[in-house]
There are 2 protein chains.
Amino acid sequence: MEVTKSLRPAFSSDVLIRKLRGIADISDDDAAALGGLTIQEKDVPANRDILLEGDRPTNSFIVLDGVVCSSKHTGAGKRQITSFFVAGDLPDLHGIHLSVMDCNFSSMTPGRLGVIRHSVFRSICEQRPRVATAFWRSTLIDAAIYREWVTNVGRRDAYARAAHMLCELIVRLRFAGRIEDHVADLPITQAALGDAVGLSAVHVNRTLQALQGDGLIATSGTKLRALDWPGLVQAGEFVPTYLHQKDPDVAF
Amino acid sequence: MEVTKSLRPAFSSDVLIRKLRGIADISDDDAAALGGLTIQEKDVPANRDILLEGDRPTNSFIVLDGVVCSSKHTGAGKRQITSFFVAGDLPDLHGIHLSVMDCNFSSMTPGRLGVIRHSVFRSICEQRPRVATAFWRSTLIDAAIYREWVTNVGRRDAYARAAHMLCELIVRLRFAGRIEDHVADLPITQAALGDAVGLSAVHVNRTLQALQGDGLIATSGTKLRALDWPGLVQAGEFVPTYLHQKDPDVAF
DNA sequence: CGCTCCCTTGAGCACGGTCAAGAAGGGTGG
DNA sequence: CCACCCTTCTTGACCGTGCTCAAGGGAGCG
């Protein structure tokens, strides 16, 4: 069953255009210009560092396939994942205007990236204000997601926290057109999930079992299925407004 | 001793210009244009809602005085503060491109706001690309702060978490030119501080006492003094890179 | 076949939450 | 000016969520 293959666009610029059309009004003219961008494709294995704190990159990248995360490390050697990025997302778009990276980017799963030079971004932003706005908006949505994560980590217990995270991942993968229904192929370790929700790997394991025990999710290998989507949404208090998608109904 | 008074700029546009000059290159010409903006001043008492989740504002505001926060509420009725904003900050600048508010804004202390219409922002952004970039950069810095907060709340213990938060507040107030040395006048309740760092009010109290006991801070009334700034920075693992100020030395 | 990484489970513990009650401060009205 | 009230701070006691440490099992890979 090569379902995912048929879902994948032929050109990397299509991934970008789909993303922007999900969050802003992009004319066919603008889309054509985006289609002409130079995007250098690059495969990455899982768990590979892409960019490190302190770097001063001259490129940004778009996720074409797989899952990428941004993370920070504390003095005690602990890791906090601050966001996930799926197909279409531009994890370090902020690098255009923030010269020094304040976090790390790494691949969580095997994936494909599209590398775009900052200068390319800057010139299309100058020429096409609508596109510039869409990019700005994209970074604002990232910020909205960070806000939600602060709330998730700060004020929800393990059960709700994990449920919320799964909801977000599933919905974002749906927006990206990478999954049908509520079944996601997420080859992410429980330790990584713990680093994202601020829990230990052991407790993530127990929490996922609790979610399974309540019939909300089912896992088999790396596949995650939301058996009871409304139940999962409720458990995680998940309200997708913060994702600011133009057509939020896609999420359900 | 009216120290704070003499630190305060005469015009609200000066607060904006100072802010932007702290994070971007703003020519005198651009500054002059910013000085001509229509900013309607508005006093707010402490603990007043400014904007609520779901609102669709047509204005943004700049903090001229006092401290403002953004917050979210969970289903369990708990509050998480997702960021603080001090003089010069533009808390809901994202409202320009994100029509629906995904969080609340409220004043933490008595303060003064400057209201600016979205249309005014949009037109200055069109006419002055440098200014547009500075505004974009401002929202990117907000996002960087959110990332740091996720890390703070997710992976640091109460002691380090509180220390980090105090460091950030002090440094940002210094950048804003609102305090000298490391003494801040912060009429913020311990409950509010707890909502920001994801702790209960009781535990914030005990943690602050621990910080005092270790000689890192001293409090008298609403005044907070960092007795041992290097010690506080170390306790909070505070690295101000994520604030992306042009002249980070001001922080020390 | 053996190594490594990840998942799983158990046991004990500690950090921080909750509940409750008293003290202190600040504002308001008589 | 004082009395009162309300909010905030403070402290104690208990408890529970989630962490740590440790060990075994399973799956993938060289």
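Numbers restart at 1 for each chain; the letters A, B, ... are given by sequence-line order, proteins then strands. Both backbone and side-chain heavy atoms feed into the values below; hydrogens, waters and symmetry mates do not.
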Inset, instruction - Using a strict 4.0 Å threshold on nitrogen-to-oxygen distance, state whether A:Glu148 and A:Arg156 make a salt bridge. - result: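 Looking at A:Glu148 and A:Arg156, the cut-off is met.
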Inset, instruction - Taking only Lys NZ, Arg NE, NH1 and NH2, and the carboxylate oxygens of Asp or Glu, determine whether A:Asp195 and A:Lys78 approach each other closer than 4.0 Å. - result: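 Between A:Lys78 and A:Asp195 there is no salt bridge, as every charged N stays at least 4.0 Å from the carboxylate O atoms.
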Indicate yes or no for a side-chain donor-acceptor contact from [X] to the backbone of [Y] under 3.5 Å, with no hydrogens or angles considered.
X	Y	result
A:Thr189	A:Ala192	yes
A:Arg48	A:Ser107	no
B:Arg155	A:Ile81	no

Inset, instruction - Using heavy atoms and a sub-4.0 Å distance, could you list which residues of residues 67-84 of chain A are near DNA chain C? By number, please. - result: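 The stretch gives none, as no residue of it lies under 4.0 Å from the strand.
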Inset, instruction - Could you check which residues of residues 202-220 of chain A get a heavy atom under 4.0 Å from DNA chain C? Sort them by number, please. - result: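 Contacts with DNA chain C under 4.0 Å: A:Val202, A:Asn205, A:Arg206, A:Gln209.
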Round to the nearest Å and state the distance from [X] atom [atom1] to [N] atom [atom2].
X	N	atom1	atom2	value
B:Leu199	C:dG16	CG	P	7 Å
B:Leu193	D:dT10	CG	P	12 Å
B:Leu186	D:dT8	CG	P	16 Å
A:Gln190	C:dC5	CD	P	17 Å

Inset, instruction - Start with the C-alpha gap between A:Asp181 and A:Arg225, add the side-chain angles, then the distance that decides, and say whether salt bridge (charged side-chain N to carboxylate O under 4.0 Å, His left out) holds. - result: CA-CA 9 Å; A:Asp181 303 319; A:Arg225 173 188 289 269; over 6 Å; no
Legend entry - Partner set under side chain to side chain contact (heavy atoms under 4.5 Å, CB included) for A:Thr109, not counting sequence neighbours: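 Listed in chain order: A:Val67, A:Pro187, A:Ile188.
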Legend entry - Criterion side chain to side chain contact (heavy atoms under 4.5 Å, CB included) against A:Pro91, the qualifying member of A:Val63, A:Leu113, A:Val86: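 The option that passes is A:Val63.
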When the side chains of residues 211-219 of chain A are checked against the rest of the protein, which donor-acceptor pairs come out under 3.5 Å, sequence neighbours left out?
{"from": "A:Gln212", "atom 1": "NE2", "to": "A:Thr219", "atom 2": "OG1", "distance (Å)": "3.1"}
{"from": "A:Asp214", "atom 1": "OD2", "to": "A:Tyr159", "atom 2": "OH", "distance (Å)": "2.4"}

Legend entry - Intermediate values then yes/no, ring pair (Phe, Tyr, Trp, His ring centres under 6.0 Å), A:Trp149 and A:Tyr242: CA-CA 11 Å; A:Trp149 280 44; A:Tyr242 73 96; 9.4 Å; no
Inset, instruction - Would you mind building the protein contact string for nucleotides 23-30 of chain D? One character per nucleotide, 5' to 3', B for base within reach (heavy atoms under 4.0 Å), S for sugar-phosphate only, - for untouched. - result: --------
Inset, instruction - Within residues 150-163 of chain A, find the residues that approach DNA chain D with a heavy atom at under 4.0 Å, and present them sorted by residue number. - result: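 Here the set is A:Asp157, A:Ala158.
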Inset, instruction - Classify the nucleic acid contact of B:Ser200 as base, sugar-phosphate or nothing, counting any heavy atom under 4.0 Å across all strands shown. - result: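 Base, at least one base heavy atom under 4.0 Å.
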Legend entry - Sugar-phosphate, base or nothing in reach of B:Gly198, heavy atoms under 4.0 Å: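 Contact class for B:Gly198: sugar-phosphate only.
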Inset, instruction - Let me know which of A:Asp142, A:Asp92, A:Asp102 forms a salt bridge (charged side-chain N to carboxylate O under 4.0 Å, His left out) with B:Arg147. - result: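 Output: one option passes, namely A:Asp102.
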Legend entry - Test item: side-chain donor near acceptor, B:Thr82 and B:Ser70, under 3.5 Å: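 B:Ser70 and B:Thr82 do have a side-chain donor-acceptor pair below 3.5 Å.
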Legend entry - Any side-chain donor near an acceptor of the partner, B:Thr222 and B:Asp185, under 3.5 Å: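 Yes, B:Asp185 and B:Thr222 have a side-chain donor paired with an acceptor closer than 3.5 Å.
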